[in-house]
Amino acid sequence: MNADTVTSTDHGTGQLAPSDYIAPDYIAADWRDFYALTKPGVLKLVIFTGICGLLAAPGSIHPVIAFTAILCIALGAGGSAALNQWYEGEIDGRMKRTSRRPIPAGRMQPQSALHFGIGLSALSVFIMGVGVNWLSAGILAVAIFYYAVIYTIWLKPNTPQNIVIGGGAGAFPPVIGWAAVTGDVTLLPILLFALIFIWTPPHFWALAMFVKSDYAKAGIPMMPVVAGEKSTRRQIFWYSVVLLAVAAAPPLLGLTGWIYGVPAIMLSLIFLGLAAKVGFRQESDPKKMKPEKQLFAFSIVYLFAVFAVLVADRLVYAGAPA
């Protein structure tokens, strides 16, 4: 990437204009910078949903193999995040929210991030294949490629549907955890994939609503920038309707018990209520938290809670069909 030729959005014309991004003078990175490359905040959710997929799967798995599987999920997610930051170093430098990341802040050479990302990614797939099974390793490889190439290089800079299609990148961990135990993929892990896939657009667009100027400055065609706030708000609402249906599907199909079903449906109704406030927003009290910020904050709690009750359900109904 060439800092002199990178473009950003001209807010007056909607066209792309030369960026004022200036490449930093890099200094030697330390372990904290490499850790930051893995996007620890996102990594927590990836690891958690992977563990839940593993615990929800029927059958048993040796604790050492289980630990190996989760470690590989973490390494693969961290590696793909590093590749993402390597490719987007200049874009990150033009966004206030990401400007302090290691590469744009000048704490790491882009090549170091590239080597780190490739190394973690390759190591994670190899260990998963040898130590767990090759189906889970194959799904992990697809997940890494999906995020690092399909989403980062192709979708994100080129289409406002980047988050819609790219949501699949973060939806793989529970499927990988399930496959690590069973060696197969059945309907329930597919529904878990769909849950995260459908959850991602309202979650991320809620964030994009209050940082859209960052995306506009960086020339990223995020939905609020390209389609406008009104269209984005409506889409957040309708995706949340679909999310309710997907969350309710497992108990209705007999794949889980109601220990999962009741809390999942209630949480989804709360999610939908917050999404309705976003979708049909009227002028609100400026002293109160904006609806999109409320939805974004709750969306994180929502996903943790839904997967937690899934595990609780499976522990109680160990013999339930899967």
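- Qualifying salt bridge (Lys or Arg N to Asp or Glu O under 4.0 Å) partners for K156, counting only residues two or more places apart in sequence or in other chains: E88.
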Under 3.5 Å, sequence neighbours excluded: what are the donor-acceptor pairs made by side chains of residues 234-243?
{"from": "R234", "atom 1": "NH1", "to": "G279", "atom 2": "O", "distance (Å)": "2.1"}
{"from": "Q235", "atom 1": "NE2", "to": "S231", "atom 2": "OG", "distance (Å)": "3.2"}
{"from": "S240", "atom 1": "OG", "to": "I236", "atom 2": "O", "distance (Å)": "2.8"}

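- Looking only at side-chain heavy atoms (C-beta outward), I163 and W205 come within less than 4.5 Å of each other.
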Any chance you could lay out the side chain to side chain contact (heavy atoms under 4.5 Å, CB included) test for I70 and I47, step after step, and finish with the verdict? CA-CA 7 Å; I70 299 305; I47 293 171; 3.8 Å; yes
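- The shortest side-chain heavy-atom distance between F271 and W199 falls under the 4.5 Å cut-off.
- In this structure, I220 and P157 approach most closely via the heavy-atom pair CD1-CA, 4.5 Å.
- Taken from CG in L267 to CG in L272, the straight-line distance is 12.5 Å, to the nearest 0.5 Å.
- Using a 4.5 Å heavy-atom cutoff, the side chains of I144 and S124 are in contact.
- At a threshold of 4.5 Å between non-hydrogen side-chain atoms, the residues L188 and R314 count as touching.
- Note on V142: it clusters hydrophobically with W154, by side-chain heavy-atom contacts below 4.5 Å among ILVMFWY residues.
- With respect to D214 and K96, no salt bridge is recorded, no charged nitrogen being found less than 4.0 Å from a carboxylate O.
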For R97 and Y215: C-alpha separation, side-chain torsions, deciding distance, then whether side-chain hydrogen bond (donor to acceptor under 3.5 Å, both in side chains) applies. CA-CA 10 Å; R97 186 173 65 89; Y215 287 114; 2.9 Å; yes
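- Contact check for I196 versus P174: side-chain heavy atoms found under the 4.5 Å cut-off.
- Of all heavy-atom pairs spanning V175 and P189, the tightest one is CG2-O, 3.5 Å.
- Looking at N133 and S136, their side chains do bring a donor and an acceptor atom within 3.5 Å of each other.
- Between R233 and E229 there is a salt bridge, since at least one side-chain N of the basic residue sits less than 4.0 Å from a carboxylate O of the acidic one.
- In the hydrophobic clustering of this structure, L315 groups with V306; members are Ile, Leu, Val, Met, Phe, Trp, Tyr whose side-chain heavy atoms approach within less than 4.5 Å, directly or through other members.
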Take I300 and H203 through the test side chain to side chain contact (heavy atoms under 4.5 Å, CB included) and record every step on the way to the result. CA-CA 8 Å; I300 299 171; H203 162 74; 3.7 Å; yes
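- More than 12 non-hydrogen atoms from other residues, nucleotides or ligands lie less than 6.0 angstrom from CZ of F304.
- Neither side chain, S80 nor Y146, offers a donor N or O lying under 3.5 Å from an acceptor on the other.
- Heavy-atom minimum distance, A171 versus F197: CB-N, 4.0 Å.
- Contact check for T38 versus L75: no side-chain heavy atoms found under the 4.5 Å cut-off.
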Side chain to side chain contact (heavy atoms under 4.5 Å, CB included), that's the test. Do V42 and V46 meet it? Break it down for me. CA-CA 6 Å; V42 176; V46 167; 4.2 Å; yes
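- Panel note: side chain E292, backbone M209; no donor-acceptor pair is recorded below 3.5 Å.
- With a 4.5 Å cut-off on side-chain heavy atoms, I150 and F145 count as touching.
- In this structure, K293 is positioned above the aromatic face of F210, its NZ or CZ under 6.0 Å from the six-membered ring centre and within 45° of the axis.
- With rounding to the nearest 0.5 angstrom, the CG atom of L54 is 5.0 Å from the CD1 atom of I61.
- Between F48 and F307, the ring centre distance reaches or exceeds 6.0 Å.
- No hydrogens or angles considered: nothing links the side chains of D313 and T256 as a donor-acceptor pair under 3.5 Å.
- Hydrophobic clustering places F193 together with V185 (ILVMFWY residues linked when any side-chain heavy atoms are closer than 4.5 Å, directly or through intermediates).
- Both L140 and I190 sit in one connected hydrophobic cluster of ILVMFWY residues. Membership requires side-chain heavy atoms under 4.5 Å apart, directly or through other members.
- Listed by first and then second residue, the ring-ring contact (aromatic ring centres under 6.0 Å, His included) pairs involving residues 107-136 are F34-F116 (not counting sequence neighbours).
- Residues T159 and V164 are not in side-chain contact: their nearest non-hydrogen atoms beyond the backbone lie 4.5 Å or more apart.
- Across A247 and Y260, no two heavy atoms sit closer than the pair O-OH, 2.8 Å.
- The two residues D92 and T98 make their nearest non-hydrogen contact at O-OG1, 2.9 Å.
- When hydrophobic clusters are built by joining Ile, Leu, Val, Met, Phe, Trp and Tyr residues whose side-chain heavy atoms come closer than 4.5 Å, directly or via intermediates, V301 is not grouped with L244.
- Atom OH of Y147 and atom CZ of F172 lie 14.0 Å apart (nearest 0.5 Å).
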Step-by-step side chain to side chain contact (heavy atoms under 4.5 Å, CB included) determination, K212 to M222: CA-CA 8 Å; K212 66 175 184 178; M222 202 58 69; over 6 Å; no
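- In this structure, the separation between CZ on F298 and CG on L274 is 6.5 Å, given to the nearest 0.5 Å.
- The distance from the CG atom of L123 to the SG atom of C72 is 7.5 Å, given to the nearest 0.5 Å.
- For L295 against A206, the heavy-atom pair with the smallest separation is CD2-CB, 4.1 Å.
- Note that the CD atom of Q85 and the CG atom of D33 stand 10.5 Å from one another [nearest 0.5 Å].
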